[in-house]
There are 2 protein chains.
Amino acid sequence: MQREESTGSLGFALLGLLARKPSTGYELARRMERPVGYFWSANHSQIYPELARLEDRGFVRHTVIEGAGPRPTKRYAVSARGRKALREWVVAELEPQPVRDLETLRLWNIWLVDRQAALDLVAQVRRGHEDRLTAYEQELADLEGDPEAVDPTHPKFASVLTLEGGVLTRRAALEWCDRMRQRLESAPR
Amino acid sequence: MQREESTGSLGFALLGLLARKPSTGYELARRMERPVGYFWSANHSQIYPELARLEDRGFVRHTVIEGAGPRPTKRYAVSARGRKALREWVVAELEPQPVRDLETLRLWNIWLVDRQAALDLVAQVRRGHEDRLTAYEQELADLEGDPEAVDPTHPKFASVLTLEGGVLTRRAALEWCDRMRQRLESAPR
DNA sequence: AGATCCATGTAACTAGTTACATGATTCC
DNA sequence: GGAATCATGTAACTAGTTACATGGATCT
């Protein structure tokens, strides 16, 4: 048993955001929605206390700026120590994380419902993948031709990589949905 | 504000398992590791209390059987109400779930590390996808040629669908990893 | 005799969600 | 004047993890 008290995934998500651009907690919450929210999300109620913990550990520092809230507005930036901790976490050997994929769980139970309901479910899942694919492609288009996106030490390089991953896997998921539809339609009744 | 107290995803995961085969809590925990664990996971310490809640709601029932533990061994089975609740959940219109994908989060920060470390990370991620792909293909091979797998009202039909989805998306992920490797190798230094 | 599996539970904790609370500024 | 946006926090809750606890049966 360890009382280690180490930074969790949310902390590294925030460090990654701040390494790209210093921000207030509010801005971090907005940036968490999109595009980071494509692979990590958090509410502001989780972000504010986590920023305080990161500051305790010396991973971020804040300066008070003028802002619109009833309390002082704080802009956070990563420290050298925070950057180092993030770099180390990125390349660490991590054991595989537990998966929790609600859509696949629902599809795994599709044998319980009638054909029409099954087709509706597949269509619903397909729509979700389609929407995400469109979003990824739009983000990618914005980065296209940007010379910084070719530099592997620039954040935009990493953004392009992750977006391309999203495109590839969502396209595969669409193909899967089409197969499922065919399978359901051609199945004997 | 609602005090609705409704069944969550874990409850439906357990109902789905029990709809396929009545089991003890212990067996459910084992089945959660593989193959269900490919898309949903839970520990026994989460499973036992959840089974009690499902029973409170009349979704499952248990009978005491002979077993090896110090306490009475209970075999659970879904009730008609539980089956109905599961069917309704499967086809419900659900809002998209928050995503938490640690691997993509790490790749999104890859611009912070040197080329070798970046290549190592990509290789690590690739290995994970490879291992999963192999597992999916093995499970699929076991189901191949099974006449029940063609019947859309049989659980094996749904198993095949989800495994095929896994194969398609993991193959896409492998392609993605190969692209990332090329991109990193061909990048100017 | 010791390890592993079967079997069920609770306690203490961390992570994440939803709701409450406050108040200035800007847009319509 | 009202809604949306900026801005930060806390409280109460649900979900999930890790550790503690117990003990028979089977395998080596």
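Per chain, numbering begins at 1; letters A, B, ... match sequence-line order. Given the structure is predicted, the values throughout are model-derived calculations rather than measurements. Side chains are part of it too, since the values below use all heavy atoms of this structure and drop only hydrogens, waters and symmetry mates.
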Report task. Would you mind classifying the nucleic acid contact of B/S9 as base, sugar-phosphate or nothing, using non-hydrogen atoms under 4.0 angstrom? Result -> nothing
Query raised in the report: What is the minimum heavy-atom distance between A/C177 and A/H129, and which atoms define it?
Result: SG-CD2, 4.1 Å
Query raised in the report: D/dT8 phosphate, OP1 or OP2: any side-chain N/O from A/Y48 under 4.0 angstrom?
Result: yes
Report task. Write down the distance between CH2 (B/W40) and C1' (D/dG16), rounded to a whole number of angstrom. Result -> 11 Å
Query raised in the report: Using a cut-off of less than 4.0 Å, is there contact between a side-chain N or O of A/Y26 and OP1 or OP2 of D/dT8?
Result: no
Report task. Rounded to the nearest angstrom, tell me the gap between atom CZ in B/R53 and atom P in D/dA15. Result -> 7 Å
Query raised in the report: Looking at five pairs on each end of the helix from C/dA1-D/dT28 to C/dC28-D/dG1, what is the angle between the two axes, given to 10 degrees?
Result: 30°
Query raised in the report: Can you check whether B/R100 has a side-chain N or O nearer than 4.0 Å to OP1 or OP2 of C/dT17?
Result: yes
Query - Closest approach of B/D101 to A/W40 (non-hydrogen atoms, all atoms of both residues) - result: N-CE3, 3.6 Å
Query raised in the report: Could you give the NE2-to-C1' distance, from A/H62 to D/dT8, as a whole number of Å?
Result: 12 Å
Requested in this report: Measure the acute angle between the ring planes of A/Y38 and A/Y136, then classify it against the limits of 30° and 60° as parallel, tilted or perpendicular.
Outcome: perpendicular
Requested in this report: Please determine if B/R20 forms a cation-pi arrangement with A/W108, meaning its NZ or CZ atom is less than 6.0 Å from the six-membered ring centre and no more than 45° off the ring axis.
Outcome: yes
Query raised in the report: Quick one: is B/N43 getting a side-chain N or O under 4.0 Å of the D/dT17 phosphate, OP1 or OP2?
Result: yes
Query raised in the report: Between the base of D/dT8 and the side chain of A/T73, is there any donor-acceptor pair under 3.5 Å?
Result: no
Query - Salt bridge A/R126-A/D178, side-chain N to carboxylate O under 4.0 Å - result: yes
**Report entry** d(CD, B/Q97; P, D/dA15) in whole Å
**Finding:** 12 Å
Query raised in the report: To the nearest Å, how far apart are A/M32 CE and D/dC6 P?
Result: 17 Å
Report task. Hey, which sits more toward the 5' end of DNA chain C by its nearest nucleotide, B/P98 or B/P49? Result -> B/P49
Query - Whole angstrom value for the distance that separates P of C/dT17 from CD of A/E33 - result: 13 Å
Query raised in the report: Could you state the NE2-P distance from A/H44 to C/dG16, rounded to the nearest angstrom?
Result: 16 Å
Query raised in the report: Say you draw a straight line from OG of B/S9 to CD of B/Q97; how long is it, rounded to the nearest 0.5 Å?
Result: 6.0 Å
Report task. Nearest-nucleotide wise, let me know which of A/R71 and A/Q46 is further upstream toward the 5' end of DNA chain C. Result -> A/Q46
Report task. For B/L10 and for A/P70, locate the closest nucleotide of DNA chain D by heavy-atom distance; then report the residue assigned to the nucleotide nearer the 5' terminus. Result -> A/P70
Requested in this report: Using a cut-off of strictly less than 4.0 Å, decide whether A/T24 has a side-chain nitrogen or oxygen near OP1 or OP2 of D/dT8.
Outcome: yes
Query raised in the report: At their closest point, which heavy atom of B/W176 faces which heavy atom of A/T162, and how far apart are they?
Result: CZ2-CA, 4.1 Å
Query raised in the report: If you count the non-hydrogen atoms of other residues, nucleotides and ligands that lie under 6.0 Å from CZ in A/R100, is the total more than 12?
Result: yes
**Report entry** Separation of atom CD in A/E50 from atom P in D/dT8, rounded to whole Å
**Finding:** 16 Å
